[in-house]
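What follows is a set of notes on a single structure, which appears directly below.
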There are 2 protein chains.
Amino acid sequence: MTGERTYHHGDLRRAVLTAALDVIAADGPDALSLRDLARRAGVSHAAPAHHFKDRTGLLTAVAAEGYALFADALAEAPDLRERGVAYVRFALGHPAHFQVMFRPELHRADDPALLTARARATTALRAGVSGLPDASRGGDDRLAGIAAWSLAHGFATLLLSGNLDEPVGGRDPGEVFRALAGLVFTQEDDSDG
Amino acid sequence: MTGERTYHHGDLRRAVLTAALDVIAADGPDALSLRDLARRAGVSHAAPAHHFKDRTGLLTAVAAEGYALFADALAEAPDLRERGVAYVRFALGHPAHFQVMFRPELHRADDPALLTARARATTALRAGVSGLPDASRGGDDRLAGIAAWSLAHGFATLLLSGNLDEPVGGRDPGEVFRALAGLVFTQEDDSDG
DNA sequence: CCCGGAAACTTGTCAATGACTAGATATGGC
DNA sequence: GCCATATCTAGTCATTGACAAGTTTCCGGG
């Protein structure tokens, strides 16, 4: 399978998508060039457009795939704190997806696949707020949700942009976030430990 | 002064910088084109390069100016909570600066002006952590600092990307953040109210 | 078997851009 | 008044995204 060049690539869509993730993870979405991806896949410069329409289409596909994976990752977390840990781990484990997901100006806002996947992720994200102990909520679920999301998102974002390199040191970021959450949301009991 | 076209613009550097801020605030840094800025300033397409070297140079200048303004804004805040409020207000009040500041891949990392301004902002940012009541710190200043920064940065970032439009509604984001901080850092007394 | 339509891919082209070079013009110190 | 220099112009090149039109392969119906 590797090396056979027929007129039909076989799975050009996946190949381009994967190459795009490599480039984005290494140099950010701005460095993405359709023509470069075509070269990597060994096809003509216009071939990718057939699968993604244009650059925005490709990035929209990346975002949609990202939100789908994100929703899965969040759904596996048992409680709010672990959801936060999963949030951070996803950002570090899928930096390309994550970066593109939270840059709406890169997307086709009305793409059906994107909307569906994002809705699923949003649901998974909100699911856990009611699990917070009362003392931490201060009686306002919505505010607590914003706080939790902001904390996880800020931590993940700062990590990805290299702004927390020394403070975190070599420690596992997931663990650091667990400590953060413990510090910030006064854990009285919650589910497990 | 408006309309006089001499060979020398007068203050092309400032004019290009200001135009750049407009474009970035409206359409993000990706939409920035040196040639477009030149057109807006009424000069030839290569004129901006003389002041900023290249696109990266311009964005580096934006980031440097942003960090300088940011440091000033943070320095005026009396305590940690207000520093967070100032953080959020800065992000919303200077969206172009803020966006560029936290996208290191857009900068010339070794630019002296950038390094100086960022160092000043970092100092201002860290200054307030020791002001936290003990119960909130959990004995770890560094962790509390990360928590505070993550919360403010996450909230600001999510706001700017349009992800908190409905939850925040029409309320003043600074006020919302004040509430967030009160919820998250169990305020026992702190300075003012 | 083959035939026709559709999907996948190629080739060619255009306008826009960033970067670079060389040259023209104004400015300010002396 | 004069010259070094900062500022700006004009011209060029390679790269890119987008689009149009043509070519090759695939696949299902007859």
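Naming convention: chains lettered A, B, ... in sequence-line order (proteins, then strands); numbering from 1 in each chain.
- Residues B:R39 and B:H45 have side chains not in contact (no heavy-atom distance under 4.5 Å, counting atoms from C-beta outward).
- B:T122 and B:R126 form no side-chain donor-acceptor contact under 3.5 Å, judged by distance and modelled atom types alone.
- One can place CG of A:L59 at 13 Å from C1' of D:dG17, the figure rounded to the nearest angstrom.
- Residues B:L92 and B:F98 have side chains not in contact (no heavy-atom distance under 4.5 Å, counting atoms from C-beta outward).
- Atom CG of A:D54 is separated from atom P of D:dA20 by 13 Å (rounded to the nearest Å).
- Heavy-atom distances under 4.0 Å link DNA chain D to A:H45, A:A46, A:K53 of residues 43-53 of chain A, given in residue order.
- A side-chain donor-acceptor contact under 3.5 Å links A:Y67 to the backbone of A:M101.
- For the segment residues 15-27 of chain B, the set of residues with a heavy atom within less than 4.0 Å of an atom of DNA chain C is empty.
- Using a 4.5 Å heavy-atom threshold, the side chains of A:N163 and B:W149 count as touching.
- Counting only distance, with no hydrogens or angles, the side chain of A:R83 and the backbone of A:A124 share a donor-acceptor pair below 3.5 Å.
- With salt bridges taken as basic N to acidic carboxylate O contacts below 4.0 Å, one links B:R14 and B:E65.
- Residues in residues 105-120 of chain B take part in these side-chain hydrogen bond (donor to acceptor under 3.5 Å, both in side chains) pairs, two or more places apart or across chains: B:D54-B:R108, B:D72-B:R120, B:R103-B:E105.
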For nucleotides 13-16 of chain D, list the nitrogen or oxygen atoms of the protein found under 3.5 Å from its nitrogen or oxygen atoms, one pair per line.
from, atom 1, to, atom 2, distance (Å)
D:dT16, OP2, A:R39, NH2, 2.7

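- B:R13 has its CZ atom 12 Å from the P atom of D:dC8, to the nearest Å.
- For B:D27, the side-chain hydrogen bond (donor to acceptor under 3.5 Å, both in side chains) test picks out no residue, with sequence neighbours left out.
- Under a 4.5 Å side-chain heavy-atom criterion applied to ILVMFWY residues, the cluster that includes B:L12 comprises B:V16, B:L17, B:L21, B:V23, B:I24, B:L32, B:L34, B:L37, B:V43, B:F52, B:L58, B:L59, B:V62, B:V100, B:L106 as well.
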